[in-house]
Number of protein chains: 2
Amino acid sequence: MSNTREQILQTTCGLMEKQGYHGTGLNEIVKESGAPKGSLYHYFPEGKEQITSEAVLQSGKLTATRIQNGLSENSNAAKAIHDFVLNIAHHVEASEFAAGSPLTSVAMETATKSERINAACREAYSLLETAFKEKLLECGFTKTKAEELGTFITAAVEGGIILSRTYHSGDPLRMVAKHLKVLLSQ
Amino acid sequence: MSNTREQILQTTCGLMEKQGYHGTGLNEIVKESGAPKGSLYHYFPEGKEQITSEAVLQSGKLTATRIQNGLSENSNAAKAIHDFVLNIAHHVEASEFAAGSPLTSVAMETATKSERINAACREAYSLLETAFKEKLLECGFTKTKAEELGTFITAAVEGGIILSRTYHSGDPLRMVAKHLKVLLSQ
DNA sequence: CATTATGTAGACCAGTCGTTATAATAACAT
DNA sequence: ATGTTATTATAACGACTGGTCTACATAATG
């Protein structure tokens, strides 16, 4: 695997997480990644759509494994998810509210504009939902409940990140952690 | 109140809801609003930041009153919020997944980029949270619980809209409706 | 050594961005 | 009718956009 190509993708993930699809220019990616511009269209001949699609998918995979690893630290589902969301709150704060939710902006901007990027976003989100769902399955939830709650947890966390980044405070995410725990404990 | 000015603001609300801050150009606003081009900097001498801030706030106020009206149709909080979220699902579907969550994209894109727009987003979001909170207060929740749940509901609905727009399906929002009801009923 | 991919380097394109300056026009009070 | 202000029109600005192109270096293989 080419190192330059990987570098371009990672830089794209970071920039789009911070400022979305339209807010991120190819020149910016080139500059920040240190990659030569000639390489950009060498590795991604289909342009920005291709780079974005691959970056979105990469973000999804990375986030999904982070969820898996985070949740594996605790055998109780409610407690595991509670602590995991607290960790996100900390991460968002540590980034000065520029990180968290790497998919949101891109997903919203391209939902009805680019078939290709939208497909990547769907796949990425379903990876996240599945990661939560499987933890719930392990902990004895029925298949239906695990699926439904996987979606619900993803939505609540997603929304919590948005509020936390907007308010420049981890508190909304901490509220989400607390009440998800209530919901999962009953 | 100038009609042209109001038209520009409303058009900006709609376009930014669909495609975010960076995805919406001033020329596009001028064209779609039908407003004369020279009027833009006449009514908004501080440019795009000013237009966006005012549009965000207007979206927040409008959404907050929609929440109030929607929730007033049912005296039971859990049922009121459940039905209201189902209505959002329907609205998102009817828009072909281009509408819903008028603040999300702008809030994320500008959280660390524009002090002014960020302030408008905070104010707008707190209007939404308050709308939920007051319904809960009316229904007998304690002040603390109402506040916490107001934030949680806002986050969950916000996340549900993102998923629904991404998946091109109202189902995620319907999941959110269902499990919010569970949480609020216990 | 010659040949062929593969990757690097960046000038360059047409078009758009937000913004500004200037001027014409409309509305209105005096 | 005159002076004043509010509104609209036009064109241009410099910077940047995503994308293309050619020239060149390097490496691998024959």
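Proteins come first, then strands; the chains are lettered A, B, ... in the order of their sequence lines, and each starts at number 1.
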Side-chain N or O of B:Asn27 closer than 4.0 Å to phosphate OP1/OP2 of C:dC17: yes
Round to a whole Å and report the spacing from CD of B:Gln7 to P of D:dT8. 12 Å
Interatomic spacing from CD in A:Gln10 to CD1 in A:Ile29 - rounded to 0.5 Å: 13.0 Å
I need the CG-P distance between A:Leu40 and D:dG18, as an integer number of Å. 10 Å
Is any side-chain N or O of A:Lys37 closer than 4.0 Å to OP1 or OP2 of C:dG10? no
Check the distance between D:dT7's C1' and B:Ile8's CD1 and give it to me in whole angstrom. 11 Å
Quickly work out the A:Ile51 CD1 to D:dT17 P distance and round it to whole Å. 13 Å
Between C:dT8 (C1') and A:Arg5 (CZ): distance, integer Å: 16 Å
Could you tell me how far apart A:Leu26 (CG) and C:dC13 (P) are, to the nearest whole angstrom? 19 Å
When the distance from NZ of B:Lys48 to P of C:dT20 is rounded to whole Å, what number comes out? 14 Å
I need the A:Arg66 CZ to A:Leu128 CG distance, nearest 0.5 Å. 11.5 Å
Looking only at the side chain of A:Tyr41 (C-beta and beyond, no hydrogens), which of the listed nucleotides D:dT7, D:dG18, C:dT19 gets closest? D:dG18
For the side chain of A:Asp83 and the backbone of A:Asn74, is there at least one donor-acceptor N/O pair under 3.5 Å apart? no
Which of A:Glu49, A:Glu109, A:Lys48 passes side chain to side chain donor-acceptor pair (under 3.5 Å) with A:Ser114? It is A:Glu49
Per atom distances to the A:Pro36 side chain, the nearest of D:dT8, D:dT20, C:dA9 is C:dA9
If you assign each of A:Glu28 and B:Gly38 to its closest nucleotide in DNA chain D, which residue comes earlier from the 5' end? B:Gly38
Against the side chain of B:His42, the closest entry in C:dG18, D:dT8, C:dG7 is D:dT8
OP1 or OP2 of C:dT8 versus the side-chain N and O atoms of A:Tyr43: is any pair under 4.0 Å? yes
Nearest to the side chain of A:Thr4, which nucleotide is it out of C:dT8, D:dT10, C:dG18? C:dT8
Ring geometry between A:Phe132 and A:Phe84 (parallel below 30°, tilted from 30 to 60°, perpendicular above 60°): perpendicular
Does A:Ser39 put a side-chain nitrogen or oxygen below 4.0 Å from OP1 or OP2 of C:dT8? yes
For B:Ile29 and C:dT16, give me the distance from atom CD1 to atom P, rounded to whole Å. 16 Å
